[in-house]
J.: 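I have a structure I would like to understand better, so I am pasting it below and will then ask my questions one at a time.
This is a predicted model, so every value here is computed, not measured. Order of the sequence lines sets the chain letters (A, B, ...), proteins ahead of strands, with each chain counted from 1.
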There are 2 protein chains.
Amino acid sequence: MAPSVLERRAGLLEAADRVVQREGPAASMNLIAAEAGITKPILYRHFGDKGGLYRALAARHTEALLERLRAALLTRGGLAARTRATVDAYLAAIEERPQVYRFLVQRAAVEEPDVRGDVEGFVRRFGDELAAGIRSEPSLQGIDETRATVWAQGIAGMVQATGDWWLDHPEVPRATVVEELSALLLAGFDLR
Amino acid sequence: MAPSVLERRAGLLEAADRVVQREGPAASMNLIAAEAGITKPILYRHFGDKGGLYRALAARHTEALLERLRAALLTRGGLAARTRATVDAYLAAIEERPQVYRFLVQRAAVEEPDVRGDVEGFVRRFGDELAAGIRSEPSLQGIDETRATVWAQGIAGMVQATGDWWLDHPEVPRATVVEELSALLLAGFDLR
DNA sequence: GACAGTAGGTTACCGCGGGTAACACCATTG
DNA sequence: CAATGGTGTTACCCGCGGTAACCTACTGTC
């Protein structure tokens, strides 16, 4: 029987995912179409343009990752535990799927800021999530709004950049990176 | 009289610079050649490939920026003053030339890791510089080697990401961003 | 002065990526 | 039996990075 349009779309995303897994940021529309066993125009009918497919793909992984991060942000045991868990969640995710990670970050960097807020790069969304986490953090109640935002964006970038660096220095254990970053941040949080 | 090959090269870089100023990351070899009043093959004779031109261009700005950062890292008046000065130097630089900044960051993100250490992305170099700064920081003597490196890469990313965000939020004064980031970092440094 | 060599430049092309127009093949439905 | 619409394809356009081949004008040398 004929698959519904949504099933179709899901299947295409599946294929795109496999290509990204293999090729990282070099995943092209041609490759993806080939992997899905169809031709380009179909892809374009479904996703509009490469940006559209990127967004659909990013939404998937970003959502999944944000889910993990949200969970980490809710870790019980105090701010220190939450901080470590969150940093660790991020690093664990990029360790599991470095190619996907590279794809997300790179596309986010390259994608022009279409309608600001629509694409909203990967790191930026991470930052937004962190900002929410910070604002609802019990031990940080009453934190200045701007401070929360700036910190969140900064921390997102810090974790991301360190992650990048770490991908090239696998000799450093994940736990070490987590510990160093968390230590730096936790002391800062003490300012309130 | 005929300009020497180095003068020529400098002139080409000058032209490339103007294009980047105008076009940001969209600067293409065609555009640059046109701006210089010549054709592509000449560019390629001088720089090998786009990566080569990118490196030459990046070297310019990176060197200039690193120079400012080094100066900031030597600010007298203690760690707090140095931290603020360094963060401020970075933000001031991207404020002055946002297009150039975008170009540098984006190219660094996209450029594949040729011979690791040759290209070495923009943020990475910033990180290296910071690492040196941290290691030679009087009040941080004896800091663990790995910690210094991780912190440096992380801080570089933090400042960069915040800078990105700030470019889209000009309503926040630079001084505020500097203050918030510095506060967060300085508390962390207290750990030693 | 005629000639070769070479530096400096150009035209015209290749391959590939994103993106699209136009056409072909069914199926349904009046 | 049309006519209609969804699904697919082929074949193309453009611009980018990159290069081969050629063209030109200045130099030195016999």
J.: May I ask you to list the residues of residues 36-45 of chain B, by number, that have any heavy atom positioned under 4.0 Å from an atom of DNA chain D?
T.: B:K40, B:P41, B:Y44

J.: In whole Å, I'd like the distance from the CZ atom of B:R107 to the C1' atom of D:dC16.
T.: 11 Å

J.: Determine: side-chain N/O of A:R8 to OP1/OP2 of D:dG6, distance under 4.0 Å, yes or no.
T.: no

J.: Flag the pair B:R68 and B:E63 as a salt bridge only when some basic side-chain nitrogen lies within less than 4.0 angstrom of an acidic carboxylate oxygen.
T.: no

J.: Compare every heavy atom of A:G154 with every heavy atom of B:T162, then report the nearest pair and how far apart it is.
T.: OG1-CA, 3.2 Å

J.: Ignoring hydrogens, what is the shortest heavy-atom contact between A:F126 and A:V159? Give both atom names and the distance.
T.: CE2-CB, 4.1 Å

J.: Hey, are B:Y54 and B:D49 close enough side-chain-wise for a donor-acceptor pair under 3.5 Å?
T.: no

J.: For DNA chain D, determine which residues of residues 14-33 of chain A have any heavy atom closer than 4.0 angstrom to one of its atoms, and list them numerically.
T.: none

J.: Quick one about B:D17 and B:Q21 (side-chain donor to acceptor, distance below 3.5 Å, no hydrogens or angles considered), yes or no?
T.: no

J.: Return the set of residues passing salt bridge (Lys or Arg N to Asp or Glu O under 4.0 Å) with A:E171 (not counting sequence neighbours), or none when no residue passes.
T.: none

J.: Does this structure show an ion pair linking A:R60 with A:E14, if we count only N-O contacts that are shorter than 4.0 Å?
T.: yes

J.: To the nearest Å, give me how far apart NZ (A:K50) and C1' (C:dG19) are.
T.: 12 Å

J.: So which atom in A:L73 and which in A:G133 form the shortest heavy-atom distance, rounded to 0.1 Å?
T.: CD1-CA, 4.2 Å

J.: Rounded to whole Å, how long is the line connecting atom CZ of A:F47 with atom C1' of C:dG19?
T.: 16 Å

